[in-house]
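For reference, the structure discussed in these notes is given below.
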Amino acid sequence: MSYWLMKSEPEEVSIDDALALPAVPWVGVRNYQARNFMRDTMRIGDGVLFYHSSCAEPGITGIAEVISGSYPDSTQFDVSSKYFDPKATPENPRWMLVDIKAVRKTRLLSLSEMRNCEHLAEMLVLKKGSRLSITPVSSSEWAAVMALLDE
DNA sequence: GCCAACGTTGGC
DNA sequence: GCCAACGTTGGC
């Protein structure tokens, strides 16, 4: 069992949107490192910190769970999608994704609060220049986030 | 809107 | 394989 942090722009898919859906296919990832996490490492049951990015109050807003294995992101084949990739074909898909399910909404754990927590000092999402939309979270970081959310 | 940091592209 | 140019991310 592993843990992850997944960024979502709330104007695209917010935690409330995610909670209203039985499953959220994590479409639109077009970065190879993030794709590889979904394709190669994520497992059903893995824990996910749902993070709002590119918004007024960036931070963790919920808990989710991986509920599928990886499969091709259908938007790569859709010419009308902004995620269309002309180099991808159904025979040779380039982008893979997993489904997640939102488990619960939490209070907003803001980026600044995360930065002020000594137990999260090494968290990848807090590293300078970090832009990866999916990052692994250690079990101690997960525990520290859960403790902060209980405060 | 700014801009630092990073990833990708493409000429050579 | 190098690397300059370009595009994107995302906090502020």
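Proteins get letters first, then strands, A, B, ... in listed order; numbering begins at 1 in each. Fair warning: this is a prediction, and the values are worked out from it, not measured in the lab.
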Check your understanding: Between residues 75-95 of chain A and DNA chain C, which residues have a heavy-atom gap below 4.0 Å?
Key ->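 Within residues 75-95 of chain A, no residue comes under 4.0 Å of DNA chain C.
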
Exercise for review: Scan side-chain atoms only and decide if A:Asp17 and A:Ser14 contain a donor-acceptor pair under the 3.5 Å cut-off.
Suggested key: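 Yes, a side-chain donor-acceptor pair sits under 3.5 Å.
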
Review point. Any luck finding a side-chain donor-acceptor pair between A:Arg131 and A:Ser53 under 3.5 Å?
Key: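 Checked: A:Arg131/A:Ser53 side chains show no N/O donor-acceptor pair below 3.5 Å.
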
**Study point:** Crowding at NZ, A:Lys105 (>12 non-hydrogen neighbours, <6.0 Å)
**Key:**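 Counting other residues, nucleotides and ligands, NZ of A:Lys105 stays at 12 neighbours or fewer.
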
Point to revise | Over 12 non-hydrogen atoms of neighbours within 6.0 angstrom of CD in A:Glu65 | key: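 Yes, because the 6.0 Å sphere around CD of A:Glu65 holds more than 12 heavy atoms from other groups.
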
Exercise for review: Mind checking A:Arg115 for me? I need base, sugar-phosphate or nothing, with any heavy atom below 4.0 Å counting as a touch.
Suggested key: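 Here A:Arg115 touches the backbone only, sparing every base.
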
**Study point:** Test applied, side chain to side chain contact (heavy atoms under 4.5 Å, CB included); reference residue, A:Ile63; option that passes from A:Val48, A:Leu149, A:Ile15
**Key:**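 Passing option: A:Leu149.
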
For atom [atom1] of [X] and atom [atom2] of [N], their distance in whole Å:
X        : N      : atom1 : atom2 : value
A:Asn31  : B:dT8  : CG    : P     : 6 Å
A:Glu57  : C:dG10 : CD    : P     : 18 Å
A:Leu108 : C:dG11 : CG    : P     : 12 Å
A:Met114 : C:dC12 : CE    : P     : 12 Å
A:Leu111 : C:dG10 : CG    : C1'   : 10 Å
A:Glu9   : C:dT8  : CD    : C1'   : 11 Å
A:Tyr32  : C:dT8  : OH    : C1'   : 15 Å
A:Lys7   : B:dC6  : NZ    : P     : 12 Å

Point to revise | Electrostatic pair A:Glu57:A:Arg107 at N-O distance under 4.0 angstrom | key: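 Judged by the 4.0 Å cut-off on N to carboxylate O distance, A:Glu57 and A:Arg107 do not form a salt bridge.
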
**Study point:** salt_bridge(A:Asp73, A:Arg30) N-O dist < 4.0 Å
**Key:**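 Yes, charged N to carboxylate O under 4.0 Å.
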
Review point. Under a 4.0 Å heavy-atom cut-off, which of residues 126-134 of chain A touch DNA chain B?
Key: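 Per residue number, the list reads A:Lys128, A:Gly129, A:Arg131.
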
Practice item. With rounding to the nearest 0.5 Å, note down the distance linking CZ in A:Arg35 to CH2 in A:Trp95. Key: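 Nearest 0.5 Å value for the CZ-CH2 distance: 6.0 Å.
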
Check your understanding: Looking at A:Tyr3, A:Tyr32, A:Trp4, which one forms a ring-ring contact (aromatic ring centres under 6.0 Å, His included) with A:Phe37?
Key ->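 The residue from A:Tyr3, A:Tyr32, A:Trp4 that satisfies ring-ring contact (aromatic ring centres under 6.0 Å, His included) with A:Phe37 turns out to be A:Trp4.
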
